[in-house]
Amino acid sequence: MGWTSMHREPGMTDREFYEQEHPNTLTKEGEILDCATVRGVFYAAVRQKDSREVWALVVLMRRSGGYFNFTYKVLSDTSGPVEDRCPIRILDLLTPLSTCSHDQEYCRLCNAEITPADGQWLSHARPAQRPEVAGPRCYSGYPYGANAPDGGAPFHEPGGTATCSTCWARDWRDRCRANAERETQARTRARTVRPGTCLRFTRPMQFSNGEERDTFTFETRSTFRSPDSDRRYRIPRWRTDYDYEIVNPTQS
């Protein structure tokens with residue numbers, strides 16, 4: 001399903017809105033067991049009333065001005081969404097996935113089918129594909145900044161996910177659990193950061209005024225100040241989205 005743009009009146013929860021927009025899927029043929037909206041994405045565990053199978057609903061959302069102020073896109077876990085912040089409590093409600101096996105290896109960077117040959121991994125062009133698709137390097141779909149040392153496209157590496165809806169769902173669920181575990185650990189560590197603690201982030205922060213810096217003194221919530229001035233900065237989600245080291249821990 002593609003993106004749908006419409007006018008959405010205020011006053012309804014995301015659950016109420018989607019149950020109204022998709023009554024067959026979410027009220028007649030299925031029911032939402034639990035749901036949550038995380039970083040602008042709606043996640044829900046939906047149970048089919050006939051089979052009792054529980055699957056994950058993932059809805060991407062965008063809000064804007066004007067009459068058509070709301071745009072959304074409906075996905076399921078079997079499509080392998082990129083958005084992977086589904087809460088553990090929802091994942092635990094999902095029906096376990098069946099076991100599947102694939103003899104073919106896939107590139108972890110571009111997900112192309114690859115085979116070993118002379119110490120390299122090679123992809124092969126299918127009918128109607130460009131000849132350049134074949135070879136030891138990724139042709140398209142690889143992450144930004146993953147180029148090889150010579151500046152060209154990266155070389156294929158094994159470890160990708162098969163073009164299988166069950167594998168896509170399993171990969172998505174694993175990513176969600178891994179992210180939840182990382183966030184739990186990050187929040188636990190952040191509890192040791194007290195007002196006055198100096199933090200040095202692994203990568204410099206870039207601000208709207210063009211300034212870049214990596215070291216700040218924590219004040220409260222998402223507010224920091226420069227260690228050598230009274231200038232203040234706001235860094236949202238610093239606890240979970242950034243790596244840092246504590247330069248001078250304060251006493252609790």
Main chain of Thr161, side chain of Asn111: is a donor-acceptor contact present, judged purely on distance under 3.5 Å? yes
Does the Thr25 side chain pair with the main chain of His22, one donor and one acceptor, at a distance under 3.5 Å? no
Review item, side-chain donor-acceptor pairs of residues 113-121, under 3.5 Å, at least two apart:
| from | atom 1 | to | atom 2 | distance (Å) |
| --- | --- | --- | --- | --- |
| Glu113 | OE2 | Arg126 | NH2 | 2.6 |
| Thr115 | OG1 | His124 | NE2 | 2.9 |

Does NZ or CZ of Arg203 come closer than 6.0 Å to the centre of the six-membered ring of Tyr242, within 45° of the ring's axis? no
A cation-pi test, strictly: NZ or CZ of Arg189 under 6.0 Å from the centre of the six-membered ring of Tyr244 and no more than 45 degrees from its axis. Yes or no? yes
Using distance alone, with no hydrogens and no angle criterion, decide if Thr78 and Ser165 have a side-chain donor and acceptor under 3.5 Å apart. no
Assess whether a salt bridge exists between [X] and [Y], defined as any Lys/Arg side-chain N lying under 4.0 Å from an Asp/Glu carboxylate O.
X      : Y      : answer
Glu183 : Arg239 : no
Asp241 : Arg39  : yes
Arg175 : Asp171 : yes
Glu19  : Arg15  : yes

According to a 4.5 Å side-chain heavy-atom criterion applied to Ile, Leu, Val, Met, Phe, Trp and Tyr, with indirect links allowed, do Val38 and Leu94 form part of one hydrophobic cluster? yes
Can you sort out the partners of Arg89 under side chain to side chain contact (heavy atoms under 4.5 Å, CB included), two or more places apart, ordered by chain and number? Asp34, Ala36, Pro87
Please identify each residue that fulfils side chain to side chain contact (heavy atoms under 4.5 Å, CB included) with Asn209, with sequence neighbours left out. Phe207, Glu211, Arg231
More than 12 heavy atoms from other groups under 6.0 Å of CG on Asp150: yes
More than 12 heavy atoms of other groups within 6.0 Å of Arg225 CZ: yes
Between Tyr67 and His7, does a ring-ring contact (aromatic ring centres under 6.0 Å, His included) hold up when you go through it step by step? CA-CA 6 Å; Tyr67 182 78; His7 178 75; 4.4 Å; yes
For Trp238 and Phe216: C-alpha separation, side-chain torsions, deciding distance, then whether ring-ring contact (aromatic ring centres under 6.0 Å, His included) applies. CA-CA 12 Å; Trp238 64 271; Phe216 306 85; over 10 Å; no
Walk me through it: do Phe224 and Tyr233 pass the test ring-ring contact (aromatic ring centres under 6.0 Å, His included)? CA-CA 5 Å; Phe224 293 78; Tyr233 307 84; 8.8 Å; no
Listed pairs under 3.5 Å, donor-acceptor, residues 50-63 side chains, sequence neighbours left out:
| from | atom 1 | to | atom 2 | distance (Å) |
| --- | --- | --- | --- | --- |
| Ser51 | OG | Glu53 | N | 3.3 |
| Trp55 | NE1 | Gln48 | OE1 | 2.7 |

Passes side-chain contact (heavy atoms from CB on, under 4.5 Å), Tyr43 versus Glu83? Steps please. CA-CA 10 Å; Tyr43 300 98; Glu83 290 71 17; 3.6 Å; yes
Pairwise ring pair (Phe, Tyr, Trp, His ring centres under 6.0 Å) hits with a residue in residues 127-147, at least two apart: none
Inter- and intrachain pairs under ring pair (Phe, Tyr, Trp, His ring centres under 6.0 Å), touching residues 149-186, at least two apart: none
